[in-house]
*Asks:* 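What follows is a single structure, and I will ask about it in a moment.
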Amino acid sequence: MGSDGSAGPAGTLVIFGASGDLTRRKLGPSLYSLHAKGRLPRDLRVLGFARSEMDDGEFRSYLAEAVQEFAPDFDQATWDELAGRLHYVAGDMTESGAYEALGRRLAELDDGAAPRLYYLAVAPRFFEAAVRGLGAAGLADDQEAPRNLVVEKPFGRDLDSARRLNEILYCAFREPQVFRIDHYLGKETAQNLLYLRFANTIFEPVWNRNYVDNVQITVAETVDVGRRAGYYDQAGVLRDMFQNHLLQLFTLVAMEPPAPFNQTTLRDEKVKVLSATRPVAREDVVLGQYEGFLDAEGVAPDSRTPTYAALRLQVDNWRWEGVPFYLRSGKALDAKATTIHIEFKRPPSRLFGAFQSPAPNILSICIQPDEGVHMRFDAKVPDEPSRTAPVDMEFHYGDSFPCVGLPDAYERLLLDALQGDASLFARSDEIENAWRLIDPVVAASEDPASGRPAVYEPGSAGPREAERLPGREGRVWREVCVSHD
Ligand code: BG6
């Protein structure tokens, strides 16, 4: 995976949608932070490209404001060093003339022998025009130097549209040039899943059907759909969260160790897990919609769009046969937390008291907000002849690495893309396999015969109906990790 240090070839980052929200909230602050840490490739130039008329100076002021707002440790002198590397060209990306202007500006900034990274920070409806425009202007041709493309989600809204989007990308780029962003893969704690599993000896031997009883992945959000109601009503939680973020976490937990470790083998192993996952049965899905969703502006009055879903997945392979994976995610819930629980089987005999069944060991990986790892095991209660109680062994990033803040996911992903490392980006076959799993679930949710999603109260733990997924197998949802301060 990507390396640190400012070494790296000079090159140009071209941001499509440079006056947009993503650039302001994420890309600008990430560039600043990477520069402040000395990690930005030396001599990298940034060329903003958008419709708004601005010159370089105005673009610099625009980004400075955004960085001051979103990067807490703003330092004027550090910013001034970076600002000199920022440039701007105005253009309508749906018009071919804009790409000639872009090409001319690029030729002024670099000699063409340097790598270029095109970042599509624009709505999906512009992807096709951007890709075709770059292709027609000869700007995607990577014979002389890398010409890579970053694409933001959504990657289609089902398998067919994802395939079509891939075909569009391939009009001008080849698969190895395409970097599809899933910001969950840039989260430090999601990356740590691989380190936890494969940089330690103690976890991997028990990471299988012989020891694991079930796995639970929860991505809970307190926010409701807010101002994104129009988009969200078309997407729903299955497209917005499951097809990408939850399935990415799932593959990191379930995959085999990639060997040798590189971007190809890592993504091969993730694809293998998705291909080995059984189609989701209707009875393995619970859908919910928070009360009030139908009143949000932009939502159809009779919308059946789920804002909550719980799924039971089953991987048909040697390692996981018979181990259920329960996944759930929703908006307007009682906690903002992403947690993975690996629940182990109970010990085979009850040595300590005939009536007491020991609690299962649970390894909890807290992706956010209180990032860390907890291991729950039973201990003897002091001064009691044979009573046990569950206790926790805990690792918190904040305690173990007090001087190192967790970087924003975009920082890591942007740096990796600049360095041409695609390990933390989704490959086309990952995307297509994820849709293959999610499409039938979406279709069932849209089928009038299958009933409306269960209504749940905002600020609750979601619909009660979700309890039946683990419940009918004698299991329960485990609590998510919430911040301890
Ligand atoms: C986005 C979804 O991809 O991820 C949003 O579109 C969601 O609906 C967000 O709120 C969650 O990301 P995070 O990093 O806040 O957990």
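All of these numbers come straight from a predicted model, not from anything done at the bench. Note that these values count all heavy atoms, side chains included, but never hydrogens, waters or copies made by symmetry. We're numbering straight along the sequence, starting at 1. Order of listing sets the numbers, starting from 1, for every ligand and every atom in it.
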*Asks:* I'd like to know whether the aromatic ring centres of Y456 and Y308 sit less than 6.0 Å apart in this structure.
*Replies:*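 Yes, the ring of Y456 comes within the 6.0 Å limit of the ring of Y308, centre to centre.
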
*Asks:* Has ligand 1 got any nitrogen or oxygen that is less than 3.5 angstrom from a nitrogen or oxygen of K331?
*Replies:*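 K331 vs ligand 1: N/O contact under 3.5 Å present.
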
*Asks:* Going by heavy-atom distance to atom 14 (O) of ligand 1, choose the closest among Q368, K187, K153.
*Replies:*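 Checking each option, the heavy atom nearest atom 14 (O) of ligand 1 is found in K187.
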
*Asks:* Nearest heavy-atom pair of E430 and L274: which atoms, and what distance?
*Replies:*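 Closest approach of E430 to L274: O-CD1, 3.6 Å.
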
*Asks:* Give the single entry among R228, R239, E221, H245 that approaches atom 10 (O) of ligand 1 most closely by any heavy atom.
*Replies:*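 Nearest option to atom 10 (O) of ligand 1, by heavy atoms: E221.
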
*Asks:* So if I count the atoms of ligand 1 from 1 in the order they appear, which ones are less than 4.0 Å from some heavy atom of D240?
*Replies:*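 Matching atoms, with element in brackets: 2 (C), 5 (C), 6 (O), 8 (O).
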
*Asks:* Tell me if the CD atom of E479 is crowded by more than 12 foreign heavy atoms within 6.0 Å.
*Replies:*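 For E479, atom CD is not crowded (no more than 12 foreign heavy atoms under 6.0 Å).
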
*Asks:* For atom 15 (O) of ligand 1, what is the closest protein heavy atom, and at what distance to 0.1 Å?
*Replies:*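 Nearest protein contact, heavy atoms only, for atom 15 (O) of ligand 1 is K336 NZ, 2.7 Å.
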
*Asks:* Is it the case that the ring center of W320 lies less than 6.0 angstrom away from the ring center of F325?
*Replies:*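 F325 vs W320: aromatic centres under 6.0 Å.
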
*Asks:* Is the closest heavy-atom distance from Y184 to ligand 1 below 4.0 Å?
*Replies:*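 Yes, Y184 has heavy atoms under 4.0 Å from ligand 1.
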
*Asks:* Tell me whether W477 contacts the main-chain N or O of Q216 through its side chain, where contact means a donor paired with an acceptor under 3.5 Å.
*Replies:*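 Checked: no pair found.
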
*Asks:* Just to confirm my output: which protein heavy-atom neighbour is closest to atom 12 (O) of ligand 1, and how far is it?
*Replies:*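 Here the nearest protein heavy atom works out to H183 NE2, 3.1 Å.
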
*Asks:* Show the numbers, then the answer: is there a salt bridge (Lys or Arg N to Asp or Glu O under 4.0 Å) between E283 and R468?
*Replies:* CA-CA 10 Å; E283 65 271 20; R468 90 169 144 79; over 6 Å; no

